[in-house]
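Below is one structure, written out as structure tokens; the observations come after it.
Quick note on labels: first sequence line is chain A, next is B, and so on, each numbered from 1.
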Protein chains: 2
Amino acid sequence: MSTVSHVINRTRFVSPAKARVVNDAIAAMGYQPNELARSLKVASTNSVGLAISAISNPYFTDIICAVEAECARLGLMVFLSDTQEDPDRELSVVRAFHQRRVDGVILAPSGAPQRAIDYLAEKKLPCVLIDRFADDRFDQIGVENQSSMRALIDHVASFGHKRIGYIAGQPGLATTRERIEAFHSSLAANGLALLPHYVSPENVDTASATASTHAILSLPSPPTALVTGNNMTTIGAVRAIRERGLSIPGDISLAGFDDFEWADCFEPRLTLVAQPCAEIGRQAAALLSARIASSGLKPQAVRLQATLHARESCGRPA
Amino acid sequence: MSTVSHVINRTRFVSPAKARVVNDAIAAMGYQPNELARSLKVASTNSVGLAISAISNPYFTDIICAVEAECARLGLMVFLSDTQEDPDRELSVVRAFHQRRVDGVILAPSGAPQRAIDYLAEKKLPCVLIDRFADDRFDQIGVENQSSMRALIDHVASFGHKRIGYIAGQPGLATTRERIEAFHSSLAANGLALLPHYVSPENVDTASATASTHAILSLPSPPTALVTGNNMTTIGAVRAIRERGLSIPGDISLAGFDDFEWADCFEPRLTLVAQPCAEIGRQAAALLSARIASSGLKPQAVRLQATLHARESCGRPA
DNA sequence: CATCGAAGCGATTGCGCAAACGTTTCGATG
DNA sequence: CATCGAAACGTTTGCGCAATCGCTTCGATG
């Protein structure tokens with residue numbers, strides 16, 4: 001009878017006596033409501049899909065953690081899927097989310113996200129894009145790349161470096177493009193020239209970053225300082241520098257994007273830009289929730305401020 | 001009409017002509033099957049719940065990643081939830097999973113998991129426990145703690161250390177207990193004595209590990225080598241050692257549990273036991289899938305072998 | 001050409017729930 | 001005491017699907 005539904009959901013008044021009976025019965029039989037059936041009826045699942053391009057990347061890990069926490073607070077369950085930076089997988093993940101009728105999706109777009117994004121738009125699935133800005137039909141949330149890179153270059157240049165190289169991140173990502181542009185403009189702002197072959201534009205993982213770093217450091221006139229575009233490239237660069245037997249910052253200075261918890265255990269401690277991952281995740285979940293509640297809102301792009309943690313990996317040029 | 005269902009699921013023969021018509025219609029209207037309704041009918045959701053006690057811990061991150069990958073391969077979606085090591089949250093997460101009618105659960109038990117585990121048992125939800133062995137009514141999968149600790153102590157002792165301290169992990173966990181026991185027996189096996197106050201038994205995070213390390217190193221006759229019980233305590237110990245201005249391994253040797261990708265960027269590179277996280281995650285998902293397929297199987301406890309990565313953080317006692 | 005069986009397919013039901021709608025009870029009011 | 005209306009609760013339907021059941025065809029066979 002409908003009364004038990006109403007007791008469970010407190011959706012209309014039920015006399016205390018009857019309510020007790022119902023609650024006792026529920027307790028006695030260990031009844032657990034079937035969310036599937038409920039969702040089918042009310043056309044809302046209280047769940048969201050979280051499609052991340054690389055779960056194991058610590059940067060995304062922090063975001064996942066924050067998203068999960070905020071969603072838990074909001075009473076949402078989260079489906080987690082790894083798109084592995086593969087547009088095909090990305091599309092099928094988004095499809096699977098839709099088939100499970102998630103109320104919304106948080107997506108870290110791959111390098112070629114158009115098909116997945118069009119699908120979301122077509123199906124009118126609420127969605128917020130994180131980290132990489134890919135389509136302004138949706139809410140987007142990420143970091144302020146221009147000012148972050150500027151802070152980085154200003155810091156490095158303040159030690160007197162004239163020859164600064166850049167090991168960029170993955171091809172295709174807005175993040176990568178923006179940071180490269182910011183690298184250019186920040187050099188200019190410091191009155192520095194962009195030297196030929198000083199930007200390694202495409203590095204998909206630590207190994208390619210290591211190779212790229214070797215390439216740059218093998219130039220006839222190599223940089224005296226290196227800036228890295230994300231955590232993978234930082235690791236890759238550190239490895240290459242070690243392999244060449246160079247010391248940081250004695251022989252070469254290093255600074256880059258993406259802080260991590262143990263950065264202070266590196267020797268020397270690395271100067272890095274820390275993104276507000278927790279805040280990105282939290283706001284993404286909150287934004288999505290708001291969007292689910294009222295689809296009328298017009299999409300907004302949020303840029304969060306990152307903070308430069310100046311430590312000891314930069315020094316005067318050799 | 002039922003034919004549509006049969007076309008979609010290839011569950012009985014449909015004439016090619018009719019099938020084409022159906023497929024064209026599906027394509028034309030952009031139809032996506034409603035998995036909710038399907039699940040309600042067939043009483044199976046092709047989804048599993050992954051309840052982790054601390055998502056942001058890199059150890060679990062690697063496991064999450066592997067679980068997700070294997071589940072994707074098996075056609076399962078995964079619900080991710082963080083129990084935050086809190087038994088109450090743990091129970092409500094498991095409840096939420098059940099209400100959503102997941103086909104099974106993978107759980108990294110908290111320090112007091114009995115209520116959640118009893119619930120799972122009562123509801124006959126297929127489940128596999130990871131990392132921490134908590135109840136043999138369920139499949140369990142974790143690492144071989146005895147032999148791993150033994151390898152660690154043998155390694156440290158081989159440098160001639162007589163006074164070895166241990167910074168253990170979180171209270172209540174089987175993992176923590178087993179490693180403490182193994183620490184004792186491994187010392188004995190090397191003919192070494194367990195000195196008073198040399199085991200710090202309970203450290204919930206890096207900060208408490210730092211404090212514990214300071215306490216041990218302040219002993220009148222402090223250890224010349226320190227072994228740590230997990231990645232958090234390793235970081236905590238490194239920080240404390242740094243704060244005291246000691247050098248590794250010159251002043252003190254250090255080795256412990258849980259490798260991480262960038263361990264080779266620490267200075268010195270840390271000697272650590274690497275757990276097969278990817279394999280733990282993969283097997284957990286596979287085991288769960290098997291259990292879902294046939295509930296009759298009797299529960300098994302799988303112990304995976306870890307590998308000691310001997311690097312440069314251990315040396316002769318000062 | 002009547003019969004039969006297999007191939008192909010449509011009507012219908014029920015999964016567990018929420019909500020619309022109907023029914024009963026009962027105290028208040030004229 | 002008849003009437004009314006609000007309070008309390010029961011009946012029913014439909015969400016979208018899978019699967020059961022049973023209805024057509026239609027070619028083969030005697």
Practice prompt. Determine which nucleotide pairs with dG30(D), using a 3.5 Å limit on both distances of a Watson-Crick or G-U wobble pair.
Written response: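 Its partner is dC1(C) (Watson-Crick or G-U wobble, both distances under 3.5 Å).
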Worksheet item: If pairing requires Watson-Crick or G-U wobble contacts with both distances under 3.5 Å, which nucleotide is the partner of dA6(C)?
Response: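 dT25(D) - that is the nucleotide pairing with dA6(C), both distances being under 3.5 Å.
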Discussion item. Between the side chains of R89(B) and D82(B), is the shortest nitrogen-to-carboxylate-oxygen separation below 4.0 Å, so that they form an ion pair?
Written reply: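 Not counted as a salt bridge, because no side-chain N and carboxylate O are separated by less than 4.0 Å.
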Euclidean distance, atom [atom1] of residue [X] to atom [atom2] of [N] [Å, nearest integer]:
X	N	atom1	atom2	answer
M29(B)	dG16(D)	CE	P	11 Å
E35(A)	dA18(C)	CD	P	8 Å
N34(A)	dG16(D)	CG	P	16 Å
N46(A)	dC17(C)	CG	C1'	14 Å
I8(A)	dA19(C)	CD1	C1'	14 Å
K41(B)	dT12(C)	NZ	P	15 Å
R10(A)	dA19(C)	CZ	P	15 Å
Q99(A)	dC15(D)	CD	C1'	17 Å

Item to complete: Quick one: sort the F79(B) and F79(A) rings into parallel, tilted or perpendicular, breaks at 30° and 60°.
Response: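 F79(B) vs F79(A) ring planes: parallel.
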Worksheet item: If each of L36(B) and T11(B) is mapped to the nucleotide of DNA chain D with the nearest heavy atom, which maps nearer the 5' terminus, i.e. the 5' end?
Response: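 Checking each residue's closest nucleotide, the 5'-ward one belongs to L36(B).
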Fill in: Other residues, nucleotides, ligands: >12 heavy atoms within 6.0 Å of R303(A) CZ
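Atom CZ in R303(A) is packed in, count exceeds 12.
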Item to complete: Could you check S53(B) against R132(B) for side-chain hydrogen bond (donor to acceptor under 3.5 Å, both in side chains), going step by step and ending with a plain yes or no?
Response: CA-CA 11 Å; S53(B) 43; R132(B) 302 136 183 201; 3.0 Å; yes
Just to confirm, is there a sub-4.0 Å distance from OP1 or OP2 of [N] to any side-chain nitrogen or oxygen of [X]?
X	N	answer
T3(B)	dC9(C)	no
N9(A)	dA18(C)	yes
S5(A)	dA18(C)	yes

Worksheet item: Start at the 5' end of DNA chain C and walk down; is the nucleotide closest to A37(B) or to P16(B) reached first?
Response: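 So the residue in question is P16(B).
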Item to complete: Identify, between F13(B) and H6(A), the residue whose nearest nucleotide on DNA chain C lies closer to the 5' end.
Response: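 This one resolves to F13(B).
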Worksheet item: Between dC17(C), dG16(D), dA19(D), which nucleotide gets closest to the side-chain atoms of R38(A)?
Response: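 The closest nucleotide is dC17(C).
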Discussion item. For a quick check under 3.5 Å, do Q305(A) and E144(A) share a side-chain donor-acceptor pair by atom type?
Written reply: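 Checked: Q305(A)/E144(A) side chains show no N/O donor-acceptor pair below 3.5 Å.
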